[in-house]
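A short worksheet on the structure shown next.
For this chain, numbers begin at 1 and follow the sequence in order. Below, all heavy atoms of this structure are taken into account, side chains as well, without hydrogens, waters or symmetry copies. The structure presented is a predicted model; accordingly, all values stated were derived computationally and were not measured.
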Amino acid sequence: MAASGARSCNLSGLLPAQTSLEYALLDAVTQEEKDGLVYQYLQKVDGWEQDLSVPEFPEGLEWLNTEEPISVYKDLCGKVVVLDFFTYCCINCIHLLPDLHALEHTYSDKDGLLIVGVHSAKFPNEKVLDNIRSAVLRYNITHPVVNDADASLWQELEVSCWPTLIILGPRGNMLFSLIGEGHKEKLFLYTSIALKYYKDRGQIRANKIGIKLYKDSLPPSPLLFPGKITVDHVSNRLVIADTGHHRILVVWKNGQIQYSIGGPNPGRKDGIFSESSFNSPQGVAIMNNIIYVADTENHLIRKIDLEAEMVSTVAGIGIQGTDKEGGAKGDEQPISSPWDVVFGRSGSEVQRDNILWIAMAGTHQIWALLLDCGRLPKKNELKEGTCLRFAGSGNEENRNNAYPHKAGFAQPSGLSLASEDPWRCLFVADSESSTVRTVSLKDGAVKHLVGGERDPMNLFAFGDVDGVGISARLQHPLGVTWDKKRNLLYVADSYNHKIKVVDPKTKNCTTLAGTGNASNIISSSFTDSTFNEPGGLCIGENGELLYVADTNNHQIKVLDLETKTVSVFPVFTSENAVVDGPCLAEKPKTLPKLPKSAPGVRLSPVAACPGQTLQFKLRLDLPSGTKLTEGASSCWFLSAEDGSPPAYSVHGIYQAMENGLP
């Protein structure tokens with residue numbers, strides 16, 4: 001409810017006065033002139049007979065990062081408040097977060113400023129508090145966030161797009177609105193002058209708001225929101241974008257970490273491995289001991305040389321770009337939120353991969369970085385290092401077109417390449433249109449494969465329906481990978497918490513694994529196993545295994561496509577310890593020594609692929625009337641043919657010791 005003596009309102013009430021202010025600011029030259037114009041505007045708005053007041057936060061809404069629910073007219077009285085209407089899937093909302101972080105570092109609640117995130121979901125999956133909680137952690141949001149799941153505040157204020165900022169005065173009175181991203185200068189100008197104006201009138205209070213950060217209660221984890229994964233088919237290794245830890249892991253197929261590059265904090269630094277840093281890296285591609293990384297929140301493409309143990313920048317300038325054409329040398333070319341990368345060739349006659357294809361989520365396009373001289377379809381010869389747009393107009397659309405520059409994408413987030421005939425295309429997980437699209441490597445034509453609908457402007461055609469072509473429904477897919485062995489495409493249907501499989505010949509899309517529930521059930525079967533917003537996937541072992549970055553479960557899961565079983569990929573943190581999920585910090589355990597009289601059982605040989613997790617079940621038939629003593633430890637020991645304990649057996653021993661079970 002609105003405060004007494006005020007009238008509830010919507011954003012349209014601000015429009016005439018703020019429009020006049022913004023025209024006047026265009027003619028202002030000095031900072032003093034701009035400050036004066038905003039101060040005069042506030043005098044006018046503050047003098048209105050009735051405030052344009054926001055409604056009170058409805059009772060019963062769920063809150064994050066606070067000790068208790070917040071009231072506009074109690075807790076926020078005496079504060080200048082920035083309401084950030086956002087939805088966590090939106091790249092524009094993600095682009096706005098650094099501006100809000102900078103504002104929070106400049107002014108605190110003691111200065112009279114507070115930012116409140118109002119999460120108004122686009123997708124059904126984004127209405128769930130646990131999923132919002134994961135996003136709050138992933139994007140390091142430290143201010144209060146309210147889950148406006150039914151969009152009640154959004155509708156009452158007539159907010160029309162993500163993101164929208166509304167700046168309030170100390171009485172809950174609306175002062176300014178900013179729609180979209182890219183308004184950092186105005187945000188700081190309006191906020192700073194509002195604080196000064198109301199301090200001059202003694203209306204700012206320095207009281208603290210009770211903040212309780214979700215991230216402070218989390219146990220340590222070897223992986224944190226892993227976004228993407230790829231296989232090095234030559235050296236038997238995996239490369240994992242450990243996104244939440246801001247690092248890249250190079251891991252042997254048995255789970256042992258070979259290299260950990262960057263992290264644990266975000267940064268932007270080239271150089272030797274121990275000094276280099278990343279900021280929420282996503283896509284990774286490896287070839288000849290060289291890894292290319294989509295360093296998403298640094299707006300860079302990075303190069304990791306495993307032999308020289310050096311990190312360098314090959315594209316981007318470190319700040320978000322708005323250029324939708326490109327064509328400059330990579331390290332001079334601004335780019336925007338690259339989300340995935342994959343290797344390709346500029347022609348069938350070329351003998352090696354000389355192009356790095358980039359899913360440029362920030363400008364809704366597909367770009368190319370020339371790793372050597374080459375030619376793109378319908379392009380002249382291009383120099384090595386050139387970085388430019390290949391497909392997509394830059395408009396956020398679900399538009400297919402024979403001319404690649406006239407097609408439209410909506411936050412493309414996953415790429416995979418089928419170089420062989422008859423496919424010869426890039427597969428694109430176009431997340432905000434909830435579709436999978438193809439881009440021809442012959443002429444650049446963009447075509448629909450599955451999901452979405454025919455209206456190119458409708459980005460709300462989502463769901464969870466197996467079907468053919470446009471009758472299939474996906475929900476914000478983030479990853480794709482091509483199975484050359486079976487001529488099938490696997491899709492990380494992220495917000496449906498499923499892995500789906502598409503036959504590009506028939507356009508048939510069906511569920512391969514996952515129940516649709518966001519949880520972490522490890523079952524021996526595909527249909528009973530669960531995921532939580534899987535973000536990336538890749539094929540390994542000649543098409544026998546599918547590795548999945550199960551992002552919100554902080555794990556890599558392994559799907560055996562032959563036996564139809566699911567397991568967790570273990571990650572070695574040291575020679576003697578294995579971790580395959582979140583764990584509390586604890587003292588290292590010592591392996592027990594078994595007495596010579598301990599019985600031994602020899603198992604029949606089992607064929608296994610490198611990296612595959614095997615399941616051993618031990619059943620004890622106890623005499624009638626006997627039971628295991630609760631709290632008493634017992635253990636078993638498993639050794640391989642060479643006498644060494646495999647990774648999974650060590651974990652089994654630890655688990656048995658902890659549970660007091662054999």
Side-chain angles (χ1 to χ4, degrees), residues 2-57 70-85 96 99-118 143-144 157 163-179 183-209:
S4 177
R7 57 189 175 92
S8 184
C9 59
N10 54 53
L11 290 180
S12 61
L14 278 178
L15 188 60
Q18 189 173 334
T19 301
S20 298
L21 168 66
E22 292 183 352
Y23 274 119
L25 287 171
L26 292 174
D27 296 327
V29 177
T30 67
Q31 189 62 48
E32 186 178 1
E33 287 180 288
K34 294 178 182 179
D35 293 351
L37 287 170
V38 176
Y39 202 93
Q40 292 170 20
Y41 166 87
L42 287 171
Q43 288 177 316
K44 176 182 178 181
V45 172
D46 201 45
W48 285 345
E49 186 176 342
Q50 282 188 315
D51 287 337
L52 294 175
S53 299
V54 294
E56 179 62 274
F57 294 120
I70 288 176
S71 164
V72 173
Y73 296 103
K74 293 179 183 178
D75 305 299
L76 301 184
C77 183
K79 302 289 186 189
V80 170
V81 179
V82 178
L83 298 180
D84 173 25
F85 285 83
L96 182 62
D99 297 350
L100 297 179
H101 291 326
L103 189 65
E104 288 174 305
H105 288 145
T106 305
Y107 305 104
S108 69
D109 54 355
K110 288 184 178 180
D111 299 312
L113 176 74
L114 188 73
I115 298 173
V116 177
V118 183
H143 51 253
L157 292 172
T164 292
L165 299 180
I166 301 176
I167 302 176
L168 308 180
R171 302 185 301 275
N173 50 317
M174 290 198 297
L175 304 175
F176 307 93
S177 69
L178 295 168
I179 298 174
H183 303 297
K184 183 178 180 180
E185 184 179 343
K186 286 182 180 178
L187 173 63
F188 272 74
L189 174 63
Y190 294 165
T191 304
S192 63
I193 301 304
L195 286 168
K196 174 177 170 51
Y197 177 85
Y198 286 108
K199 278 182 181 177
D200 289 347
R201 282 151 182 77
Q203 296 183 31
I204 295 296
R205 292 167 52 190
N207 61 302
K208 288 187 67 65
I209 303 297

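- The environment of CD in E32 is sparse: at most 12 heavy-atom neighbours from other residues, nucleotides or ligands sit within 6.0 Å.
- For the pair L42 and K196, the minimum side-chain heavy-atom distance is 4.5 Å or more.
- Atom NZ of K199 sits in a crowded spot, with more than 12 heavy atoms from other residues, nucleotides or ligands closer than 6.0 Å.
- In this structure the side chain of P170 never reaches within 4.5 angstrom of the side chain of R205, judged on heavy atoms.
- Rounding to the nearest 0.5 Å places CG of L37 at 10.5 Å from CD1 of I193.
- A pairwise comparison of heavy atoms in T106 and A102 identifies OG1-O, 2.9 Å as the closest pair.
- Atom CG of residue L168 and atom CG of residue L83 lie 4.5 Å apart, to the nearest 0.5 angstrom.
- Put simply, CG on L96 and NE2 on H101 are 9.5 Å apart, with the number rounded to the nearest 0.5 Å.
- Contact of the V54 side chain with the V81 side chain is not registered, since no non-hydrogen atoms from C-beta on lie closer than 4.5 Å.
- N207 has its side chain within reach of K79: a pair of non-hydrogen atoms, C-beta onward, lies under 4.5 Å apart.
- Looking at Q40 and L21, their side chains never come closer than 4.5 Å, going by heavy atoms from C-beta outward.
- Heavy atoms from other residues, nucleotides or ligands lying under 6.0 Å from CD of E185 number 12 at most.
- Contact check for Y41 versus S20: no side-chain heavy atoms found under the 4.5 Å cut-off.
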From CA spacing to verdict: side chain to side chain contact (heavy atoms under 4.5 Å, CB included), F57, L76: CA-CA 11 Å; F57 294 120; L76 301 184; 4.2 Å; yes
Side chain to side chain contact (heavy atoms under 4.5 Å, CB included) evaluation trace for V38 with F176: CA-CA 10 Å; V38 176; F176 307 93; 3.9 Å; yes
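- Shortest non-hydrogen contact noted between W48 and G13 is CH2-O, 4.2 Å.
- Between the CG atom of N173 and the CD1 atom of I167 there is a distance of 12.0 Å, given to the nearest 0.5 Å.
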Check against side chain to side chain contact (heavy atoms under 4.5 Å, CB included), L178 and Y190: CA-CA 10 Å; L178 295 168; Y190 294 165; 3.9 Å; yes
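- Minimum interatomic distance between I115 and H143 (heavy atoms only, all atoms of both residues): O-CB, 3.2 Å.
- Salt-bridge formation is not detected for the pair D99/K186: no Lys NZ or Arg NE/NH1/NH2 atom is positioned less than 4.0 Å from an Asp or Glu carboxylate oxygen.
- The backbone N or O of F188 lies less than 3.5 Å from no partner atom in the side chain of T191, so there is not a single donor-acceptor pair.
- Taking each heavy atom of P55 and V72 in turn, the nearest pair found is O-CG2, 4.1 Å.
- Here the OH-CG distance, from Y39 to D46, works out to 10.0 Å after rounding to the nearest 0.5 Å.
- Residues G169 and Y198 share a closest heavy-atom pair of CA-CE1, 4.2 Å.
- Scanning all heavy atoms of the two residues, the minimum distance from L11 to S177 falls at CD2-CB, 4.0 Å.
- When only modelled atom types and interatomic distance are considered, N10 and S12 share a side-chain donor-acceptor pair under 3.5 Å.
- Taken from CG in L175 to CD in Q18, the straight-line distance is 9.5 Å, to the nearest 0.5 Å.
- You'll find the side chain of D111 stays beyond 4.5 Å of the side chain of I204, heavy atoms only.
- Contact of the H183 side chain with the L165 side chain is not registered, since no non-hydrogen atoms from C-beta on lie closer than 4.5 Å.
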S71 and E56: CA distance, side-chain angles, deciding distance, side chain to side chain contact (heavy atoms under 4.5 Å, CB included) verdict: CA-CA 7 Å; S71 164; E56 179 62 274; 2.6 Å; yes
